[in-house]
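Because the structure is predicted, anything quoted here is derived from the model rather than measured. Scope of the values below: all heavy atoms of this structure, side chains included, with no hydrogens, waters or symmetry mates.
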Amino acid sequence: MLFMKILFSNFFAARAFVGCTRYLLQQKGVNFVLSERFNQDPLESHFGNQRQMGGGNEAPSAAQFNTNINALRLRSSQTMKVIGGNTRHSNLDLPIDNTPMPHRVREKKL
């Protein structure tokens with residue numbers, strides 16, 4: 001039974017990838033698709049949070065799902081925004097200097 005679930009999920013993922021790629025290649029100005037840029041981690045994280053909110057309930061109803069997503073939105077809207085973190089895109093246009101750094105003088109060992 002587990003084998004069939006894995007087989008079905010791989011088949012579903014492959015069909016989704018092909019459909020996504022076809023759609024992207026039909027868009028104006030898109031000549032190629034970099035498959036390594038596809039990432040489903042945020043989606044898995046979202047549904048992982050949904051499962052945590054439901055406790056032991058593996059199959060929440062639509063109303064429970066809606067309640068959970070509203071609670072997640074509220075929780076994420078109240079988080080503090082990082083100012084000056086190392087992952088935020090900066091709009092500063094800083095010049096890049098390619099001159100080599102000076103070498104440090106090493107002490108000779110006796």
- Message: Could you check whether any side-chain heavy atom of Asn70 comes within less than 4.5 Å of a side-chain heavy atom of Asn66, counting everything from C-beta outward?
- Response: yes

- Message: Under 4.5 Å between side-chain heavy atoms, counting indirect links through other Ile/Leu/Val/Met/Phe/Trp/Tyr residues: same cluster for Phe11 and Met4 or not?
- Response: no

- Message: If I compare all heavy atoms of Asn68 with all of Gln50, which pair ends up nearest, and what's the gap?
- Response: CB-OE1, 3.2 Å

- Message: Determine whether a donor-acceptor pair (N or O, by modelled atom type, separation under 3.5 Å) exists between the side chain of Gln27 and the backbone of Leu24.
- Response: no

- Item | CZ on Phe65 to OG1 on Thr67, rounded to 0.5 Å | 11.0 Å

- Ser45: what forms a side chain to side chain contact (heavy atoms under 4.5 Å, CB included) with it, not counting sequence neighbours? Asn49

- Query: Apart from Met101 itself, which Ile, Leu, Val, Met, Phe, Trp or Tyr residues share its cluster (side-chain heavy atoms under 4.5 Å, direct or through members)?
  - Reply: none

- Note on the structure: Output for pair (Gln52 CD, Leu72 CG), nearest 0.5 Å, gives 9.0 Å

Under 3.5 Å, which donor-acceptor pairs do the side chains of residues 28-36 form with other protein atoms, sequence neighbours left out?
none

- Task: With sequence neighbours excluded, tell me which residues meet side chain to side chain contact (heavy atoms under 4.5 Å, CB included) with Asp41.
- Result: Asn39, Glu44

- Note on the structure: Taken in chain and number order and not counting sequence neighbours, the residues that satisfy side chain to side chain donor-acceptor pair (under 3.5 Å) with Ser9 are none

- Item | Results of ring-ring contact (aromatic ring centres under 6.0 Å, His included) for Phe17 - residues two or more places apart only | Phe38

